[in-house]
Amino acid sequence: MSERVRLDVWIWAVRLVKTRAAATAACRGGHVKLNGQAAKAAQPVRIGDEVRVRISGFDRVVGVQQLLSKRVSAPLAAAAIDDRSPERPTAIDAAQVPRRAKGAGRPSSRERREIDRLRGRDG
(Lines give C-alpha, C1' and ligand atoms only; values in the text may rest on other atoms or scores of the structure.)
Protein backbone atom coordinates (compact mmCIF):
# COMPACT_ATOMS: atom_id res chain seq x y z
CA MET A 1 0.00 0.00 0.00
CA SER A 2 1.09 3.50 -0.68
CA GLU A 3 2.14 6.06 1.90
CA ARG A 4 -0.60 8.50 0.96
CA VAL A 5 -4.23 8.07 0.01
CA ARG A 6 -6.74 10.69 -1.15
CA LEU A 7 -9.19 11.70 1.59
CA ASP A 8 -12.32 10.96 -0.44
CA VAL A 9 -11.00 7.53 -1.42
CA TRP A 10 -10.17 6.66 2.19
CA ILE A 11 -13.59 7.79 3.48
CA TRP A 12 -15.23 5.57 0.86
CA ALA A 13 -12.84 2.64 1.44
CA VAL A 14 -13.55 2.48 5.20
CA ARG A 15 -17.31 2.62 4.53
CA LEU A 16 -18.15 5.97 6.10
CA VAL A 17 -20.14 6.77 2.93
CA LYS A 18 -21.72 4.50 0.34
CA THR A 19 -20.11 5.86 -2.82
CA ARG A 20 -16.93 7.64 -3.79
CA ALA A 21 -19.04 10.38 -5.37
CA ALA A 22 -20.76 10.91 -2.01
CA ALA A 23 -17.36 11.19 -0.33
CA THR A 24 -16.22 13.79 -2.86
CA ALA A 25 -19.49 15.71 -2.48
CA ALA A 26 -19.14 15.70 1.31
CA CYS A 27 -15.64 17.17 1.00
CA ARG A 28 -16.83 19.77 -1.49
CA GLY A 29 -19.75 20.67 0.76
CA GLY A 30 -17.53 21.31 3.78
CA HIS A 31 -18.77 18.28 5.74
CA VAL A 32 -15.30 16.76 6.13
CA LYS A 33 -12.49 18.01 8.35
CA LEU A 34 -8.98 16.61 8.51
CA ASN A 35 -7.17 17.32 11.79
CA GLY A 36 -9.65 20.10 12.57
CA GLN A 37 -9.28 21.90 9.23
CA ALA A 38 -11.72 21.93 6.31
CA ALA A 39 -10.44 19.41 3.78
CA LYS A 40 -10.54 18.99 0.03
CA ALA A 41 -11.18 15.62 -1.58
CA ALA A 42 -7.65 15.22 -2.96
CA GLN A 43 -5.92 16.01 0.33
CA PRO A 44 -3.63 13.16 1.42
CA VAL A 45 -4.44 11.15 4.54
CA ARG A 46 -1.73 9.73 6.78
CA ILE A 47 -1.79 7.24 9.65
CA GLY A 48 -2.61 9.05 12.90
CA ASP A 49 -4.77 11.76 11.27
CA GLU A 50 -8.21 12.54 12.65
CA VAL A 51 -11.09 12.68 10.15
CA ARG A 52 -14.44 14.24 11.08
CA VAL A 53 -17.36 13.57 8.70
CA ARG A 54 -20.83 15.05 9.17
CA ILE A 55 -23.37 12.36 8.26
CA SER A 56 -27.12 12.86 8.69
CA GLY A 57 -26.56 15.84 10.99
CA PHE A 58 -24.14 14.04 13.31
CA ASP A 59 -20.34 14.08 13.36
CA ARG A 60 -18.49 10.82 12.91
CA VAL A 61 -14.96 11.21 14.29
CA VAL A 62 -12.42 8.55 13.34
CA GLY A 63 -8.68 8.15 13.59
CA VAL A 64 -6.71 6.73 10.69
CA GLN A 65 -5.17 3.42 11.74
CA GLN A 66 -4.51 1.99 8.28
CA LEU A 67 -4.42 3.45 4.77
CA LEU A 68 -6.85 1.86 2.32
CA SER A 69 -7.23 2.79 -1.33
CA LYS A 70 -9.79 0.13 -2.22
CA ARG A 71 -13.10 -0.68 -0.58
CA VAL A 72 -12.76 -3.64 1.77
CA SER A 73 -15.07 -5.82 3.84
CA ALA A 74 -16.73 -4.36 6.93
CA PRO A 75 -14.47 -6.17 9.46
CA LEU A 76 -11.32 -4.96 7.67
CA ALA A 77 -12.74 -1.43 7.40
CA ALA A 78 -13.50 -1.43 11.13
CA ALA A 79 -9.89 -2.42 11.85
CA ALA A 80 -8.62 0.48 9.72
CA ILE A 81 -10.31 3.15 11.87
CA ASP A 82 -10.27 4.22 15.50
CA ASP A 83 -13.84 5.37 16.17
CA ARG A 84 -13.86 8.40 18.50
CA SER A 85 -17.39 9.54 17.71
CA PRO A 86 -19.44 11.05 20.53
CA GLU A 87 -22.65 9.26 21.41
CA ARG A 88 -25.69 10.33 19.45
CA PRO A 89 -28.28 12.17 21.51
CA THR A 90 -31.36 10.23 22.52
CA ALA A 91 -34.69 11.00 20.87
CA ILE A 92 -35.74 12.97 23.95
CA ASP A 93 -32.59 15.14 23.88
CA ALA A 94 -32.88 15.69 20.14
CA ALA A 95 -36.49 16.84 20.51
CA GLN A 96 -35.43 19.58 22.93
CA VAL A 97 -33.33 21.40 20.33
CA PRO A 98 -34.82 24.87 19.83
CA ARG A 99 -36.35 25.50 16.41
CA ARG A 100 -36.93 28.79 14.65
CA ALA A 101 -40.60 29.70 14.46
CA LYS A 102 -42.18 28.99 11.09
CA GLY A 103 -42.81 32.20 9.18
CA ALA A 104 -40.27 34.18 11.26
CA GLY A 105 -38.37 35.05 8.11
CA ARG A 106 -34.76 34.68 7.25
CA PRO A 107 -32.31 34.92 10.18
CA SER A 108 -30.04 37.94 10.43
CA SER A 109 -26.26 37.46 10.32
CA ARG A 110 -26.11 37.67 14.11
CA GLU A 111 -28.92 35.12 14.52
CA ARG A 112 -27.25 32.79 12.01
CA ARG A 113 -23.95 32.93 13.95
CA GLU A 114 -25.84 32.13 17.17
CA ILE A 115 -27.61 29.22 15.46
CA ASP A 116 -24.28 27.90 14.15
CA ARG A 117 -22.74 28.24 17.63
CA LEU A 118 -25.64 26.27 19.15
CA ARG A 119 -25.27 23.54 16.56
CA GLY A 120 -21.53 23.30 17.14
CA ARG A 121 -20.53 24.56 13.70
CA ASP A 122 -18.07 27.23 14.79
CA GLY A 123 -16.01 27.62 11.72
Side-chain angles (χ1 to χ4, degrees):
M1 294 207 194
S2 65
E3 225 177 273
R4 292 182 176 180
V5 178
R6 282 176 57 111
L7 179 60
D8 60 342
V9 172
W10 187 82
I11 290 171
W12 165 75
V14 296
R15 298 173 170 260
L16 293 177
V17 294
K18 284 188 176 186
T19 64
R20 170 124 182 250
T24 306
C27 291
R28 229 184 271 131
H31 301 290
V32 179
K33 291 187 177 185
L34 182 63
N35 296 324
Q37 301 291 322
K40 293 184 177 181
Q43 205 161 340
V45 178
R46 294 180 185 87
I47 293 175
D49 285 350
E50 180 182 86
V51 178
R52 182 179 298 259
V53 183
R54 187 170 264 303
I55 302 170
S56 302
F58 297 99
D59 279 352
R60 183 90 191 266
V61 182
V62 295
V64 180
Q65 297 287 86
Q66 183 180 359
L67 296 177
L68 301 173
S69 58
K70 297 197 180 215
R71 197 161 171 101
V72 295
S73 66
L76 291 176
I81 63 173
D82 173 27
D83 198 351
R84 306 171 191 162
S85 303
E87 284 191 34
R88 287 191 173 193
T90 63
I92 295 169
D93 292 337
Q96 295 176 356
V97 174
R99 298 278 179 196
R100 188 166 173 81
K102 190 167 183 162
R106 189 171 168 181
S108 66
S109 293
R110 180 180 179 182
E111 291 170 334
R112 182 189 44 76
R113 285 191 298 271
E114 289 173 356
I115 290 168
D116 286 347
R117 203 171 299 118
L118 279 172
R119 291 182 177 170
R121 296 187 201 163
D122 296 339

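Counting from 1, the numbers follow the sequence of the chain as shown. Computation of the quantities below employed the complete heavy-atom set of this structure, encompassing side-chain atoms and omitting hydrogens, waters and symmetry-equivalent molecules.
Proximity of Ile81 to Trp10: side-chain heavy atoms (C-beta onward) are separated by under 4.5 Å at one or more points. In this structure, Leu68 and Gln66 have side chains that are in contact, with non-hydrogen atoms separated by less than 4.5 Å. Using a 4.5 Å cut-off on side-chain heavy atoms (C-beta onward), Leu7 and Pro44 make no contact. Using a 4.5 Å heavy-atom threshold, the side chains of Leu16 and Arg60 count as touching. Val61 is listed as a side-chain neighbour of Glu50, based on a closest heavy-atom distance under 4.5 Å. Residues Arg20 and Arg6 are in side-chain contact: their nearest non-hydrogen atoms beyond the backbone lie under 4.5 Å apart. Looking only at side-chain heavy atoms (C-beta outward), Val64 and Val51 come within less than 4.5 Å of each other.
Following chains of ILVMFWY side-chain contacts shorter than 4.5 Å, one can reach Val9 starting from Leu76, so the two form part of one hydrophobic cluster. Both Val72 and Val14 are part of a single hydrophobic cluster, where members link through side-chain heavy atoms under 4.5 Å apart.
Arg71 contributes a side-chain N or O that, together with a main-chain N or O of Trp12, makes up a donor-acceptor pair within less than 3.5 Å. Gln37 places no side-chain N or O within 3.5 Å of a backbone atom of Leu34 that could act as its donor or acceptor partner.
The two atoms that bring Thr19 and Ala22 nearest to each other are OG1-N, 3.0 Å, heavy atoms only. In this structure, Ala13 and Ala77 approach most closely via the heavy-atom pair O-CB, 4.2 Å.
Within the model, atoms CD1 of Ile55 and NZ of Lys18 stand 11.5 Å from one another, a figure rounded to the nearest 0.5 Å. Atoms CZ and CD, from Arg4 and Gln43 in turn, are 10.5 Å apart once rounded to the nearest 0.5 Å. Note: Arg52 CZ to His31 NE2 = 14.5 Å, rounded to the nearest 0.5 Å. From Glu114, atom CD reaches atom OG of Ser109 across 11.0 Å, with rounding to the nearest 0.5 Å.
Using a 4.0 Å cut-off between charged nitrogen and carboxylate oxygen, Asp59 and Lys33 do not count as a salt-bridge pair.
By the salt bridge (charged side-chain N to carboxylate O under 4.0 Å, His left out) test, Asp82 pairs with Arg84, sequence neighbours left out.
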